[in-house]
Amino acid sequence: MFTYNDQQANEKYYRKVQLPAGDLHVFAGDQLFEALDYKVFDMANNNLQIPNRLYMSYTPDVHVGVGTCIGTTAVWEAASGYVSPSIVGSDIGCGMRVHLTNLHRDDLQEVKLRRKLVKAIEKLLPAEEHARGHFSDIRLEHVLRKGLHGLPKKYIPDGYTPKKATSLTHVEHSKFAFDESHLDRLPEMYWHRSHRQLGTLGSGNHFAEIQAIEIHEDNRAIAEKWGLRDGQIIVMIHSGSRAWGGAVSQYGGSEIGKWMRRTGTGTADPRLIFAPLDSEAAAAYVHLMYSALNYAVTNRHLIAYAIREAFRDVCGSKFEMTTLYDLMHNYAWEETHGGTPMFVHRKGATRALPAQHPDNPEPYLATGHPALIPGSMGTSSYLMVGQPGGERNYYSICHGAGRIRSRSATKRLVTVDQFESSLRVGTADEIVVNQRMLESIIDESPQAYKDVDQIIESVVGAGLASVVAKCKPLASIKGV
DNA sequence: ATGTAC
């Protein structure tokens, strides 16, 4: 069905795949490339039929999603561009957040203490089915309109200091501005549900983990500038915009679907939804999408707030937790590349800017900002930094390990015993998990995912990014 | 991913 260019044969981690509808750029080593399901190419071929000049690429964690694969970067010139809810994904603003603590791995050596900590976190970060957050005093409308700026001051423990990398609130963009008149379009039920869900993880691959880091020797200077130390305990959070993002995706998608039927636009896949940026339906979706980005960033902040309180309950008030970074991997927005405004979609793809790139927030201009890459449960996660070579992929890298098995197939294949042994249950090294019923999250076992170390090798090999630190989990909090 | 869904 496809061929690839021999000229690129000298590049071990990149292939230009020539599909009938256009070129697909794939960043992956041989083994990962050859293991890809043909469906991901089928899907790319549909996506490449969306009009106007489109750059499309996959990172090695790519796998099949609805309409568009997870692991996709898709870029148009903003002036003649399209927006696609399918290339954003339904969990709008889903992403990662990492906090540094003043604890060392040795401080959490005892399994008993890790268990105590997980229990304390569970009290403040509800993880049961249909979990409700503890933040009823927050106005949802303020969060949607202003992101972190819409929070009452008590949830900003060290003041809002965007230029200070050590602030608990420091994020790349803490506020996504948009035309707020569109907010009224979403049904009342979603306002209530989203309000209740503020400060909850959600289920599936979302998690909060306590990890210990190992600094990579190649990037020790950068690690030091970021405030990382060997053996340091960090908190990593993976969550998104909960019901709000889903509602935006559904409403925006159905309006865009109407536009497609009216104009007779489409591809072979009816679930691939898209419209030109200058259409009314596309504009409404983009406005609402930004409200979901505000929700997602704030949600991760509130999860971090809850975890900070729990740590302080267990470790005392000398415990400190500062923000390293917050970074989304499901969104679309405008960026300038080579002086041209471009509309960039990332679905399961992470922006990783190199040192000196002007879009870095000021505290990270000299080093490049941290790119936060989760692994699967029980395996390592990574803190990375963009390299100049990332320019050819619009500075996009992978977003994690990437699934290789459906949830149902994983449940059939993996036993609780196997899952327990990958979490080293019963040893001094046990990764403590909040969920007692491991069968309820067995579809998240490492066997459901590609090997994150191989994914990282491809991204590094392709010259897109390099590793600053490897993060090993000590405890993991999952929702159901 | 989602108190899943024509």
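What you see below is based on every heavy atom in this structure, not just the backbone, and it leaves out hydrogens, waters and symmetry mates.
- A:S203 contributes no side-chain N or O that forms a donor-acceptor pair with the base of B:dA1 under 3.5 Å.
- The side chain to side chain donor-acceptor pair (under 3.5 Å) search around A:K472 returns A:E214, not counting sequence neighbours.
- Atom CD1 in A:I441 sits roughly 13 Å away from atom P in B:dA1 (whole-Å rounding).
- In this structure, A:H206 places its NE2 atom 6 Å from P of B:dA1, rounding to the nearest Å.
- In this structure, NE2 in A:H329 is found 11.0 Å from OG1 in A:T59, a value given to the nearest 0.5 Å.
- Checked against a 6.0 Å centroid threshold, the rings of A:H25 and A:F27 do not count as neighbours.
- Distance, A:E444 CD to B:dA1 C1': 11 Å, rounded to whole Å.
- Taking atom OH of residue A:Y190 and atom C1' of nucleotide B:dT4, one finds them 10 Å apart after rounding to whole Å.
- Between A:H399 atom NE2 and B:dA1 atom P the separation is 8 Å, expressed in whole Å.
- Relative to the six-membered ring of A:Y251, A:R185 misses at least one condition, a distance below 6.0 Å or an angle of at most 45° to the axis.
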### Message
A:K123 vs A:D313, test: salt bridge (charged side-chain N to carboxylate O under 4.0 Å, His left out). Steps then yes/no.
### Response
CA-CA 11 Å; A:K123 253 198 231 161; A:D313 287 346; over 6 Å; no
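- What separates CD1 of A:I70 from P of B:dA1 is a distance of 8 Å, to the nearest Å.
- For DNA chain B, the neighbouring residues in residues 235-250 of chain A, judged by any heavy atom under 4.0 Å, are A:R242, A:A243.
- For A:M189 and B:dT2, the CE to P distance is 15 Å, given to the nearest whole Å.
- Here B:dA1 presents its C1' atom at 14 Å from CZ of A:R271, a figure rounded to the nearest Å.
- Using a 4.0 Å cut-off between charged nitrogen and carboxylate oxygen, A:K258 and A:E255 count as a salt-bridge pair.
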